[in-house]
Amino acid sequence: MTSSHVASQPSLRKLARACLASVIVAMVAFLASWTAMAQAPASKGIEDSWQGTLHTPQKDLRTVLKISQGAEGSLTATMYSIDQGGQGMKASSISFQDGTLKYAIQMLDLTYEGKLSADSKSITGTVTQGDHPLPLVFERATPETAWAIPEAPKPTPPMPADAKPVFDVLTIKPSRPEQQGKLFSVRPGGQFVTVNTTLLDLIKFAYGVQDKQVLNLPDWASSQKYDLNGKPDIPGMPNPDQLRSLVKQALGDRFQFKFHEDKKEMPAYVLFVAKGGEKMQKAPADAGSLPALFFRGLGVLTVNNATMEDFCHLMQSAVLDRPVVDESELQGRYNFLLKWTPDESQFGGMGIKVPPPSDTPAADAPPPLYTAITEQIGLRLESMSKAPVKVLEVDHVDLPSAN
């Protein structure tokens with residue numbers, strides 16, 4: 001062979017050294033890349049404990065959100081407002097897609113939407129309750145930074161079902177003139193409290209009737225307002241029947257309330273189940289014996305652990321201008337949120353004058369009451385020109401006796 005066809009020995013050595021150097025450079029680059037990936041923090045999922053401070057006009061509220069994965073892979077979440085007692089509130093819906101977290105707590109009329117940061121350490125978003133949006137930034141909690149969640153108060157054990165309690169102590173005093181709203185409440189230990197309630201309010205509560213079903217009351221009975229504070233003689237949380245019995249006792253002992261019962265035909269509303277069935281959530285079995293029904297604003301009603309009878313009593317006493325008769329035949333207790341746009345005929349029972357409707361209502365305004373009841377909770381409220389209802393004809397009543 002001639003030299004033109006065979007490379008010289010020195011040239012081969014140079015070529016081998018060049019190839020070896022290229023391999024080493026490639027290996028070093030690969031190792032550096034692998035080491036960087038190994039040392040970089042792993043991208044964390046949304047399942048974790050998050051915390052942030054909600055700055056409201058009244059006070060700062062520390063909020064904890066615990067997100068976990070359910071048995072079927074879906075997300076679940078529980079929110080704690082630890083400056084308001086720390087009671088856990090389960091999200092009614094939650095999603096995390098494309099870095100955006102959304103959750104809602106229907107019973108609070110609350111929604112949240114926020115964006116996860118690039119380093120997965122924070123979520124920046126907005127919490128909205130009703131028509132009031134506020135910024136809320138969550139930070140991923142660590143064992144060192146996590147806020148302690150207060151222990152939930154232990155529920156008061158129920159009063160024996162066959163007990164017949166009476167008020168051991170009962171005070172009745174005039175409400176403060178500037179007092180707003182109205183309250184019926186049973187506090188831990190079974191203490192019964194009302195705020196800003198008239199004699200008519202107490203009668204309606206005790207006997208499950210509407211304004212028009214109480215006849216012959218003096219004018220002061222629907223205008224003078226009182227605060228009641230009573231302690232039953234039997235420990236424990238009274239059930240609804242025991243609670244009504246206590247108020248009946250207060251009416252008889254302190255107001256000398258006497259009446260006789262009759263039936264009359266009058267305009268009324270009747271509650272039925274709508275076509276397609278009810279859309280309400282059953283209350284959990286451990287929810288207790290007493291219902292909780294309260295307004296977060298005009299036309300925003302939260303209902304917890306309530307029967308249809310409880311719902312009808314509230315609607316006829318606070319919202320509507322005639323009795324409401326329950327013909328739903330639904331048994332048990334329910335939780336739901338009902339949102340509607342009230343009209344001028346509503347909330348007279350609470351002493352509130354609803355302003356006339358706007359000529360240009362907001363596009364996202366809730367529907368009228370009757371539409372909302374069907375669309376949101378699967379019931380139907382029908383107006384009837386005449387229906388037989390019970391009435392209480394008052395025979396005697398006095399101003400409350402001294403404490």
Side-chain angles (χ1 to χ4, degrees), residues 104-111 128-133 179-184 195-198 200-201 204-205 208-214 222-223 225 266-274 278-280 291-304 306-326 328 334-385 387 389:
I105 301 177
Q106 185 187 49
M107 302 311 296
L108 299 180
D109 192 23
L110 181 147
T111 60
T128 302
Q129 190 168 29
D131 299 323
H132 306 289
Q179 179 68 50
Q180 299 295 313
K182 184 183 300 184
L183 174 72
F184 285 84
V195 176
N196 227 27
T197 49
T198 65
L200 178 58
D201 292 327
K204 292 190 298 182
F205 178 87
V209 293
Q210 196 262 352
D211 296 40
K212 290 184 171 63
Q213 294 171 265
V214 185
S222 56
S223 59
K225 297 177 180 179
M266 62 177 64
Y269 293 101
V270 181
L271 187 71
F272 301 98
V273 175
E278 76 274 11
K279 302 176 182 179
M280 302 169 291
L293 304 93
F294 51 94
F295 292 97
R296 297 187 174 277
L298 290 183
V300 183
L301 173 63
T302 296
V303 175
N304 285 322
T307 65
M308 289 300 95
E309 183 181 14
D310 296 327
F311 176 55
C312 288
H313 285 172
L314 177 74
M315 296 305 290
Q316 70 179 13
S317 63
V319 180
L320 298 170
D321 60 351
R322 62 182 74 170
V324 179
V325 181
D326 177 26
S328 69
Y334 294 88
N335 296 342
F336 59 88
L337 174 71
L338 182 63
K339 297 177 68 175
W340 76 93
T341 298
D343 62 38
E344 295 165 272
S345 71
Q346 297 168 11
F347 288 100
M350 295 182 68
I352 296 172
K353 290 187 177 181
V354 177
S358 170
D359 293 334
T360 55
D364 58 350
L369 174 63
Y370 311 100
T371 304
I373 284 179
T374 299
E375 291 180 348
Q376 297 172 21
I377 61 176
L379 303 178
R380 177 168 56 90
L381 195 61
E382 185 176 314
S383 176
M384 299 187 69
S385 58
V389 296

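Side chains included, hydrogens not; waters and symmetry mates left out as well; all remaining heavy atoms used.
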### Query
Would Asn335 and Gln106 satisfy side-chain contact (heavy atoms from CB on, under 4.5 Å), going step by step from the backbone distance to the final call?
CA-CA 10 Å; Asn335 296 342; Gln106 185 187 49; over 6 Å; no

### Query
What's the spacing between Arg322 CZ and Asp211 CG if we round to 0.5 Å?
13.5 Å

### Query
Is the closest side-chain heavy-atom distance between Asp201 and Lys225 below 4.5 Å?
no

### Query
What orientation do Phe295 and Phe347 show, parallel under 30°, tilted 30 to 60°, or perpendicular over 60°?
perpendicular

## Note on the structure
In terms of heavy-atom contacts, Pro133 and Asp131 come closest through CD-O, 3.3 Å

Please output the side-chain donor-acceptor pairs of residues 362-372 that fall under 3.5 Å, not counting sequence neighbours, one pair per line with the distance.
from: Tyr370; atom 1: OH; to: Tyr269; atom 2: OH; distance (Å): 3.2

### Task
Look up atom CG in Leu200 and atom OG in Ser223, then write down how far apart they are to the nearest 0.5 Å.
10.5 Å

### Message
Within the structure provided, determine whether Val303 and Leu337 are in side-chain contact (heavy-atom separation under 4.5 Å).
### Response
no

### Query
Which distance, rounded to the nearest 0.5 Å, do you find between the NE2 of His313 and the CG of Leu293?
11.5 Å

### Thr374 vs Leu381 side-chain heavy atoms within contact, under 4.5 Å
no

### Task
Under the side-chain contact (heavy atoms from CB on, under 4.5 Å) rule, what do Gln376 and Lys339 come out as? Steps first, then yes or no, please.
CA-CA 8 Å; Gln376 297 172 21; Lys339 297 177 68 175; 4.2 Å; yes

## Note on the structure
In terms of heavy-atom contacts, Met107 and Arg296 come closest through O-NE, 3.4 Å

### Expected output: side-chain Gln346 to main-chain Val319 donor-acceptor under 3.5 Å
no

### Message
Show the nearest heavy-atom pair for residues Val324 and Cys312, with the distance to one decimal.
### Response
CG1-SG, 3.6 Å

### Query
With a 4.5 Å heavy-atom cut-off, do Phe311 and Leu338 have their side chains touching?
yes

### Query
Can you check whether Phe272 reaches Glu382 side chain to side chain, under 4.5 Å on heavy atoms?
yes

### Query
How long is the span from the CZ atom in Phe294 to the CG atom in Leu183, to the nearest 0.5 Å?
11.5 Å

### Query
Hey, what do you get for CG (Asp326) to CG (Leu271), rounding to the nearest 0.5 Å?
5.5 Å

### Task
Of all the heavy-atom pairs spanning Gly181 and Asn196, show the shortest one and how long it is.
O-ND2, 2.8 Å

### Message
Between Asp109 and Thr302, is there a side-chain heavy-atom distance shorter than 4.5 Å?
### Response
no

### Message
Quick one: does any side-chain atom of Gln210 pair with a main-chain N or O of Lys212 as donor and acceptor, under 3.5 Å?
### Response
yes

### Query
Can you tell if the side chain of Gln316 reaches within under 4.5 Å of the side chain of Val325, non-hydrogen atoms only?
no

## Note on the structure
Heavy-atom closest pair (Val273 atom, Ser328 atom, distance to 0.1 Å) is CG2-O, 3.5 Å

### Query
Which distance, rounded to the nearest 0.5 Å, do you find between the NZ of Lys204 and the CZ of Phe184?
8.5 Å

### Task
Grab the two heavy atoms, one from Ala387 and one from Ala268, that are nearest each other, plus how far apart they are.
CB-CB, 3.9 Å

### Query
Are any of the side-chain heavy atoms of Glu278 and Ile377 separated by less than 4.5 Å?
no

